[in-house]
Amino acid sequence: MNFNFLKKANKMMINPTTKVYRQKTVEGFSIPAIIRNGSYFFVDLDVYEDGRVNCWNFEDFEHFKKDVRRGWVRLNIPDNEEISIHSLGAWTITDGAWIFTPESFIDYVLSLVKKLNPKLENIYQYSEKKINGVSIGEDGSSSVYREHKRTPDDVFPDKIDGKSLNLFYKVKEEYHLTKVNIFSDQTLRLSRLEETVELTLQELEELIAKKIIVTEVPALSRVHIYGLGSFTIKQAEYTADINQKRLEIRDIVGKLNGEPTSIQLCRQAYTQYINDPTPSNKERLKITYENVPDHNKMYVGDMDTKDIEVRMIIYGEQEIERWSHYQVAKARGEKLPTISIPKTKDDTP
């Protein structure tokens, strides 16, 4: 047999022409904390088995410890300061009672890493990545999931991915900031509680109707955050509407099942109106726009005009006065910007 070809191949560089990649599942826990970035922002930190912690920074455990010690990650909010909870609201609080000090929290997070990874194997060490001189960060965001066992003894259960949002869960006269985990089969799990609560979408709707699941908390009420502490509401700065959160939850269920979101449906209706500005297309745009949760309406347009063009079509051209660019120009005495939209035509035969 002639081995000359093999010897030649061993000496030369053969460039592969098929690219591949792999994805690795890294298990973790989600735990509550505060990010101090000017204001006090409530967050869930994602703690992973490789020692990484997503705290708006995503490097390694040593960097995380520094973030805690320098006060970027906080374990309390001073009395008479404001807590901001993404897409739920903001409240001035008092009488705070908090569980952790910075050092005890670092120890607690390390214990979670050890629970996930008892031998502390393959602990990640951060090294800066640059492309063309620009530092590249990584996305440390997680996916909530629940296990689906095909049989009672299934050792490799499926993971059903979900999405989550924050709401308040009323127990007697006190409130718990719960994480509502939503899954594609219309089941939900209330977590960030001492014991999780399993619900169907219909059961959640019933709890909302009974005002057990809420977005608004009365002044002087006690709020508990399991795993972080508790405080008393002094006053609300702003709150989301529970009916808008209901729309958002239904939107999430649809998206998890591959259906278009309310934002996508509104964008489609907007495009249809622009191409054919008839009264019926205007009405379709109005219906789809009003089905978008209020806190998501700004996303139906581009980053510049947001939802102003849609509102001008539906409610009248005076809506341009709500546009930030218009308001700034008016305040400065500058020429007012304009937005051109097509006039509605008659679509009667």
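Please read all numbers here as calculations on a predicted model, not as lab measurements.
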What are the two closest heavy atoms between [X] and [Y], and how far apart are they?
X: Asn181; Y: Val144; result: OD1-CG1, 3.6 Å
X: Lys170; Y: Lys211; result: CD-O, 4.0 Å
X: Ile320; Y: Pro337; result: CD1-O, 3.6 Å
X: Ser30; Y: Lys179; result: OG-NZ, 3.0 Å

OH/Tyr299: more than 12 non-hydrogen atoms of other groups inside 6.0 Å: no

Does the ring of Tyr289 carry Lys297 above it, NZ/CZ under 6.0 angstrom from centre and within 45° of its axis? yes

Between [X] and [Y], do the side chains contain an N or O donor and an N or O acceptor separated by less than 3.5 Å?
X: Asp302; Y: Thr305; result: yes
X: Asp251; Y: Thr261; result: no
X: His86; Y: Asn166; result: no

Pair [X] and [Y], ring centroids less than 6.0 Å apart:
X: Phe168; Y: Trp91; answer: yes
X: Tyr175; Y: Tyr169; answer: no
X: Tyr270; Y: Tyr273; answer: no

Should [X] and [Y] count as an ion pair when the cut-off is N to O under 4.0 Å?
X: Lys159; Y: Glu27; value: yes
X: Lys245; Y: Glu248; value: yes
X: Arg246; Y: Glu205; value: yes
X: Arg222; Y: Glu174; value: no
X: Asp44; Y: Arg192; value: yes

Checking Thr92, Asp79, Asp95, Ile93 against Lys234 for side chain to side chain contact (heavy atoms under 4.5 Å, CB included), the one that qualifies is Thr92

Angle between ring planes, [X] versus [Y], binned at 30° and 60°: parallel, tilted or perpendicular?
X: Phe41; Y: Trp56; answer: tilted
X: His224; Y: His176; answer: parallel
X: Tyr126; Y: Tyr124; answer: tilted

Would you find a donor on one side and an acceptor on the other, under 3.5 Å apart, between the side chain of Trp98 and the backbone of Phe231? no

Is the backbone of Ala90 close enough, under 3.5 Å, to the side chain of Ser84 for a donor and an acceptor to pair up by distance?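 The answer is no, because no donor-acceptor pair under 3.5 Å joins these two groups.
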
Do Thr187 and Leu201 have side chains that get closer than 4.5 Å, going by heavy atoms? no

